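Some notes on the structure that comes next.
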Amino acid sequence: MSNVEQQRYFSKNLLEWYLKNRRDLPWRRHRNPYYIWISEIMLQQTRVDTVIPYFNRFIERFPTITDLANAPEQDVLKCWEGLGYYSRARNLQYAAQQVLDLHDGLVPNDKESVIALKGVGPYTAGAILSIAYNQPEPAVDGNVMRVLSRYFLIEEDIMKGSTRTLMEKLVVELIPEGQASHFNQALMELGALVCTPKSPYCLTCPVMEYCEARITGKEGDLPLKSKSKPPRPEQRIVGLIEGQGAHTGQLLIRQRPESGLLARMWELPHVLSPISRGARLVDQQAQEVLSVELLTEGIPATPVEHFMDAEHIFSHIRWNLQVYRCKEEVKQHLIAESATTYGVEDEAEIGDSMTEYRWIGKEDMQLYAFPNVFLKIANAYFEEQHTK
DNA sequence: AATCCGGGGTC
DNA sequence: GACCCAGGATT
């Protein structure tokens with residue numbers, strides 16, 4: 001069998017398999033470039049089953065590009081809450097504004113314009129151009145690299161950029177005339193349903209007959225992939241600060257900086273332990289560290305007791321969280337003083353004035369976007385208050 | 001080219 | 001508990 005025959009067999013059988021076996025997914029029910037774009041951004045590093053409910057809620061809340069472009073950023077983040085990689089959401093909204101400004105509100109269909117959109121790289125650009133506009137562009141994601149590395153026995157590290165480039169050239173050769181949309185989706189569908197990372201279902205594979213990895217028994221060893229470093233541990237002490245007086249039943253939250261990790265998301269106040277390197281502090285020490293932090297930040301509160309421990313693993317950092325219940329100190333004389341000075345009973349300034357702090361009740365959780373860890377902690381707290 | 005960005009799944 | 005999945009931006 002020649003290389004050309006091996007390629008023809010692959011493209012033909014894969015396409016036929018896909019047309020019979022493709023899943024009914026929300027973004028496949030229309031050929032709406034906006035829907036395809038949203039779905040492709042959400043599907044980066046995220047499985048289909050996780051994305052489906054987020055996708056449905058997202059297009060219900062932001063039915064058109066204009067709706068997305070004009071929405072408050074917090075609304076977009078709230079819709080993304082729990083999905084992770086929040087820069088995807090912020091970039092998506094920025095790109096929606098790009099589309100309004102530069103392309104009359106229509107997702108562009110030329111390569112240069114598509115890849116110029118924030119958050120759209122080589123993979124997503126290829127996905128949009130091929131799936132939405134049926135252009136013969138490669139869309140090489142992890143699924144595609146796994147399928148191709150096995151079928152064609154490509155023993156190159158898929159983490160290398162040069163390997164992706166090689167795969168892209170191969171895909172262009174493989175796309176059947178006029179079938180870019182179905183074919184690219186077929187490649188990914190096979191990777192998701194049959195040619196899975198571990199124990200692939202070779203016996204039901206439509207292209208098993210000429211799959212070189214299966215023939216040589218190497219399907220379990222491919223693709224080749226260099227290992228990433230383990231996340232560095234960080235011990236963090238969290239203040240679960242209960243309001244008193246006017247803030248009874250409320251918790252103190254703050255907004256994260258506008259760039260970096262979890263940018264502009266909301267969280268419970270916490271501090272990196274300066275003492276340990278990932279090791280748990282005894283409660284006494286942790287409360288000491290937290291006390292200093294509260295004082296430095298100008299938060300009028302004192303740690304009372306341990307509430308819970310929690311863990312949050314990012315790809316590069318592992319947060320070990322020790323959470324302490326704290327009581328707000330109501331300074332009677334300060335309130336009286338500010339009332340006479342300003343004529344109102346306003347809040348004392350908390351923090352460095354760059355950081356936004358807010359007291360919120362259980363109902364207000366709906367209004368702010370939190371990373372999953374803090375969602376869990378705050379919900380555990382409000383749940384406990386409820387049953388008390 | 002190397003590092004920064006979340007969260008969920010399987011075994 | 002160990003391991004897996006893995007696009008784009010930034011530097």
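Worth knowing before you read on, the calculation uses all heavy atoms, side chains too, and leaves out hydrogens, waters and symmetry mates. Letters go in sequence order (proteins before strands), and every chain restarts at 1. The structure displayed is predicted, hence computed values, not measured ones.
For C:dC4, one of the phosphate oxygens OP1 or OP2 lies less than 4.0 angstrom from a side-chain nitrogen or oxygen of A:Lys227. For C:dC5, the OP1/OP2 oxygens have no side-chain nitrogen or oxygen of A:Lys198 closer than 4.0 Å.
For C:dT11 and B:dG6, the P atoms lie 15 Å apart once the distance is rounded to whole Å. Taking atom C1' on both B:dC4 and C:dA6, the two are 13 Å apart, rounded to the nearest angstrom. The P atoms of B:dC5 and C:dC5 are separated by 23 Å, rounded to the nearest whole Å. Annotation: C:dG7 and B:dT10 have their C1' atoms spaced 22 Å apart (nearest Å).
If you measure from atom CE of A:Met42 to atom C1' of C:dG7, you get 16 Å, rounded to the nearest angstrom. The CG-C1' distance, from A:Leu193 to B:dG9, rounds to 16 Å in whole Å. Atom OH of A:Tyr94 and atom P of C:dG8 are 18 Å apart (whole Å). Residue A:Arg146 contributes atom CZ, which lies 15 Å from atom C1' of C:dG7 at whole-angstrom precision. Distance A:Lys225 NZ to C:dA6 P: 7 Å, rounded to the nearest Å. For the pair A:Ile41 CD1 and C:dA6 P, the computed distance is 16 Å after rounding to whole Å. Whole-Å rounding puts the A:Met159 CE to C:dG7 C1' distance at 10 Å. Between A:Tyr201 atom OH and B:dT10 atom P there is a gap of 10 Å when expressed in whole angstrom units.
No hydrogens or angles considered: nothing links the side chains of A:Ser162 and A:Glu156 as a donor-acceptor pair under 3.5 Å. Side-chain contact annotation: A:Gln255 with A:Glu267, donor-acceptor N/O pair under 3.5 Å absent. Side-chain atoms of A:Tyr357 and A:Glu297 form a donor-acceptor pair, as typed in the model, at a separation below 3.5 Å.
By the neighbour-count criterion of 12 heavy atoms within 6.0 Å, atom CZ of A:Phe382 is densely surrounded, having more than that number from other residues, nucleotides or ligands. Annotation for A:Glu288: atom CD does not count as buried by contact number, only 12 or fewer foreign heavy atoms lying within 6.0 Å. Around the CD atom of A:Glu363, the shell of radius 6.0 Å holds more than 12 heavy atoms that belong to other residues, nucleotides or ligands. Shown here is A:Glu311, whose CD atom has more than 12 heavy atoms of other residues, nucleotides or ligands within 6.0 Å.
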Dump every N/O contact between nucleotides 9-11 of chain C and the protein below 3.5 Å, one line per pair.
from: C:dA9; atom 1: OP1; to: A:Gly119; atom 2: N; distance (Å): 2.6

For nucleotides 3-7 of chain B, give me every protein contact, N/O to N/O, under 3.5 Å, one pair per line with atom names.
from: B:dC5; atom 1: OP2; to: A:His316; atom 2: NE2; distance (Å): 3.3
from: B:dC5; atom 1: N3; to: A:Tyr85; atom 2: OH; distance (Å): 3.4
from: B:dG6; atom 1: OP1; to: A:Tyr86; atom 2: N; distance (Å): 3.1
from: B:dG6; atom 1: OP2; to: A:Leu262; atom 2: N; distance (Å): 2.5
from: B:dG6; atom 1: O4'; to: A:Tyr85; atom 2: N; distance (Å): 3.1
from: B:dG6; atom 1: N2; to: A:Gln45; atom 2: O; distance (Å): 2.7
from: B:dG7; atom 1: OP1; to: A:Tyr86; atom 2: OH; distance (Å): 2.3
from: B:dG7; atom 1: OP2; to: A:His312; atom 2: NE2; distance (Å): 2.2
from: B:dG7; atom 1: O3'; to: A:Gly82; atom 2: O; distance (Å): 3.1
from: B:dG7; atom 1: O3'; to: A:Asn372; atom 2: ND2; distance (Å): 3.3
from: B:dG7; atom 1: N7; to: A:Ile313; atom 2: O; distance (Å): 3.4

- ring-ring contact (aromatic ring centres under 6.0 Å, His included) assessment of A:Phe10 paired with A:Tyr151: CA-CA 9 Å; A:Phe10 179 83; A:Tyr151 185 84; 4.5 Å; yes
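In this structure the side chain of A:Glu328 reaches within 4.5 angstrom of the side chain of A:His247, judged on heavy atoms.
A:Arg318 comes within 4.0 angstrom of no nucleic acid atom, judged by non-hydrogen atoms across all strands. As judged by a 4.0 angstrom heavy-atom cut-off over every strand, A:Asp49 is placed among residues making no nucleic acid contact.
The cationic group of A:Arg88 does not satisfy the cation-pi geometry with A:Tyr85, failing either the under 6.0 Å distance to the six-membered ring centre or the 45° limit from the ring axis.
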